[in-house]
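Below is one structure, written out as structure tokens, with a few remarks after it.
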Amino acid sequence: THSTPVVQGHNANQGLSRADYALLHNSGFQEVIPNKNDVSLLEANPPSTKQAFPSRACLSVQLMAFQLPPNPIANILEGYASLAMIEAPKQIFCTYKLFKWQPNTTPKLNLHKKENKNQDKRYCPYVLVEENATSPGYLSGYQVTCETQAEELVSYLQSYKVQLDLWDGESLMLIGSGFVSLKELVSSVMESVQVIKEVEISSLDVFSSNDLLVLDQNGQFCHSQGRTIHQGTLVVRFGYQPDFPESHICNFEHFYSLDRTDNNTVLRAVRQHSATQARRVSKAKHMTETDNSLCTLLHSTADTNTSAGKENSRKLERMRMIRGRLHKVVPEKTEIISELKRRKDFQILDLYRKDIKYHKIDSLLTDLICSEVALDAAPGIAYYFEHELKNQLNENLLLTIEIPDSSVSVVSSQRELRYFKHLYKSLTPIENDLIHFTDQNEPQIFLQPKESVIVPFKYQSFEVFSFSKHSK
């Protein structure tokens with residue numbers, strides 16, 4: 001058991017940027033719902049009591065990524081990347097409980113980082129990858145098989161929050177817990193909806209004495225017995241699909257269904273064949289811990305093979321030594337002279353290295369302290385302009401910007417963007433990590449349905465322009 005975290009005592013993370021969502025979109029996650037409506041177009045209102053409920057429904061959960069919180073002293077340690085980065089666990093797993101299904105414990109998921117070229121690698125999210133899986137993430141489905149259970153499921157999602165507990169896969173220690181509301185999934189009971197949630201994972205540190213001073217809501221200092229620590233952000237995609245067809249069960253790695261009569265959880269599908277073989281192998285490894293005779297037999301066979309191999313290698317080494325002594329030849333005079341010459345050359349090299357050691361150290365320190373910059377003045381011109389992009393479709397879009405003219409480019413540097421906005425007195429907001437660059441250095445922008453974003457551009461040319469008095 002563990003304490004339930006209180007998420008009101010810390011500064012929440014700003015969440016994933018638009019570039020992070022573009023990176024996740026390109027990672028190849030399996031779709032939760034083939035024909036889906038995005039939740040941003042639906043209002044989170046409770047369903048009407050006279051509304052009909054589906055005869056069966058499916059609730060899907062997909063763990064996608066985990067992002068560490070920013071280091072509070074990252075700006076101070078900007079020049080020391082190893083100190084500014086927070087060490088991430090190598091493996092994690094999650095536990096949660098939904099509705100009347102049995103509590104679920106996910107397998108251990110590896111953290112794989114995919115970095116954006118234009119983004120600081122300290123803040124890139126880690127993609128969760130299961131071993132022996134064909135696609136990233138962990139996908140599981142939960143099905144109700146009658147109208148009464150569907151009505152109870154809708155009421156459950158409207159009234160309660162789902163608690164997610166995150167654990168370290170190596171130490172098996174609790175990292176933190178988080179709560180997520182899924183009201184948006186059942187805003188329209190008879191429509192398929194999916195939504196991506198950023199779950200803030202927090203942990204509670206409890207102190208034995210009242211030595212910690214914190215600020216309350218009135219701005220007064222008071223003693224506290226604990227503090228809440230923000231451990232990171234877990235990106236989870238939830239989906240709701242009414243009238244779920246049986247043919248879609250094969251799309252899930254783990255699928256659970258509730259029985260109509262006694263509401264027992266029935267496992268309907270498991271992961272693919274390759275993963276099943278890996279699990280059987282892992283189970284066989286634990287047989288030595290339960291069967292003493294099998295453990296003794298395996299260790300005795302291994303010891304016998306090891307001892308026999310050592311004995312053979314010892315005999316072969318002894319035969320090599322005897323043959324070497326029998327065929328030992330006295331070195332000739334020329335070989336002795338060449339050996340002496342080689343030693344003399346090595347001594348000359350050592351003296352030369354000691355002689356130039358001081359000059360090398362001096363030149364290295366000079367190169368580290370000083371820097372040479374060549375500034376070549378060139379005529380040219382630069383203009384800044386902004387363009388608004390809007391997604392008119394009912395699905396997420398990843399737009400790739402293609403610019404045929406080499407003089408026009410997207411402004412991706414925050415420092416350069418602030419300079420142009422101040423120069424041209426632009427009042428539009430600045431969005432961090434707006435652009436995601438592909439391996440071919442093509443800019444991409446992630447847009448949700450009916451969402452608009454302002455993209456900054458610049459025109460920069462190093463050519464001589466001659467303007468007349470009547471030219472505009």
Side-chain angles (χ1 to χ4, degrees), residues 15-39 58 60-68 88 90-94 106-119 121 123-141 169 192-199 232-239 241 247-255 269-278 391 393-402 433-449:
L16 274 70
S17 63
R18 199 178 298 274
D20 293 333
Y21 277 108
L23 187 145
L24 294 180
H25 190 276
N26 292 330
S27 298
F29 286 96
Q30 184 179 354
E31 289 293 338
V32 175
I33 300 174
N35 299 323
K36 56 185 179 300
N37 294 326
D38 197 274
V39 73
C58 176
S60 55
V61 180
Q62 187 179 39
L63 304 181
M64 301 180 67
F66 180 68
Q67 186 184 39
L68 293 175
K90 296 181 180 179
Q91 290 181 334
I92 61 173
F93 65 95
C94 186
T106 66
K108 294 181 180 179
L109 305 174
N110 299 323
L111 275 70
H112 179 65
K113 175 175 284 190
K114 292 188 176 181
E115 299 177 359
N116 187 4
K117 292 183 179 180
N118 192 50
Q119 188 181 5
K121 64 180 181 179
Y123 308 118
C124 292
Y126 290 87
V127 177
L128 302 180
V129 180
E130 185 181 358
E131 293 185 3
N132 303 321
T134 57
S135 60
Y138 172 80
L139 179 61
S140 58
S192 299
V193 180
Q194 79 169 12
V195 59
I196 297 178
K197 291 286 188 176
E198 299 179 11
V199 185
T233 302
L234 182 65
V235 183
V236 189
R237 179 160 58 179
F238 296 92
Q241 187 174 5
S247 59
H248 289 177
I249 294 180
C250 60
N251 297 333
F252 292 90
E253 298 176 353
H254 301 269
F255 192 82
V270 294
R271 67 184 77 178
Q272 302 299 328
H273 180 65
S274 61
T276 307
Q277 288 182 344
N391 182 12
L393 302 179
N394 190 18
E395 60 181 4
N396 296 330
L397 283 183
L398 185 62
L399 303 178
T400 302
I401 301 176
E402 297 181 358
D433 297 329
L434 175 67
I435 308 297
H436 168 72
F437 288 91
T438 61
D439 296 335
Q440 291 77 22
N441 203 23
E442 295 179 347
Q444 290 183 338
I445 296 180
F446 181 82
L447 288 175
Q448 295 182 359

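In what follows, every heavy atom counts, from backbone to side chain, and hydrogens, waters and symmetry copies are set aside. Numbering starts at 1 and runs along the sequence shown. Keep in mind the model is a prediction, meaning the values are calculated, not measured.
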* Minimum heavy-atom separation for L393 to L397, with atom names? -> CD1-CD1, 3.9 Å

* Asked: Who passes side-chain hydrogen bond (donor to acceptor under 3.5 Å, both in side chains) against N110, sequence neighbours left out?
  -> Q91

* To do: Not counting sequence neighbours, which residues clear side chain to side chain contact (heavy atoms under 4.5 Å, CB included) with E442? List them please.
  => T400, T438, Q440

* Structure fact -> Between P136 and G28 the two heavy atoms that sit nearest each other are CD-O, 3.5 Å

* Asked: Roughly how far, to the nearest 0.5 Å, is the CE atom of M64 from the CG atom of L139?
  -> 10.5 Å

* F238 vs V61, side-chain contact (heavy atoms from CB on, under 4.5 Å): CA-CA, chis, key distance, verdict -> CA-CA 5 Å; F238 296 92; V61 180; 3.9 Å; yes

* Structure fact -> With R18 as partner, the option from L447, D433, L23 fulfilling side-chain contact (heavy atoms from CB on, under 4.5 Å) is L447

* Is the shortest heavy-atom distance from the side chain of Q444 to the side chain of N26 under 4.5 Å? -> yes

* Structure fact -> Interatomic distance, CG@L16 vs CD1@I196, rounded to 0.5 Å, equals 9.5 Å

* Can you name the nearest heavy-atom pair linking F252 to S140, along with the distance? -> CD2-C, 3.7 Å

* Asked: Which heavy atom in V199 sits nearest to a heavy atom in V236, and how many Å separate them?
  -> CG2-CG2, 4.3 Å

* To do: Kindly determine whether L234 and L128 satisfy side-chain contact (heavy atoms from CB on, under 4.5 Å), including the steps that lead there.
  => CA-CA 10 Å; L234 182 65; L128 302 180; 4.1 Å; yes

* To do: Might you point out which heavy atoms bring E130 and P107 nearest each other, and give the distance in Å?
  => OE2-CG, 3.3 Å

* If you round to the nearest 0.5 Å, how far is CD of Q67 from NZ of K113? -> 9.5 Å

* At what distance, to the nearest 0.5 angstrom, does CD of Q241 lie from OG of S192? -> 4.5 Å

* Asked: Y21: what forms a ring pair (Phe, Tyr, Trp, His ring centres under 6.0 Å) with it, not counting sequence neighbours?
  -> F446

* Asked: Any donor and acceptor pair, going by atom type alone, linking the side chain of D20 with main-chain N or O of L24 inside 3.5 Å?
  -> no

* Closest approach of G169 and K108, non-hydrogen atoms and distance? -> O-NZ, 3.0 Å

* What distance do S60 atom OG and Q30 atom CD have between them, rounded to the nearest 0.5 Å? -> 10.0 Å

* Just how far is it from atom OH of Y138 to atom CG of L109, taken to the nearest 0.5 Å? -> 8.5 Å

* Do L63 and C94 have side-chain heavy atoms sitting under 4.5 Å apart? -> yes

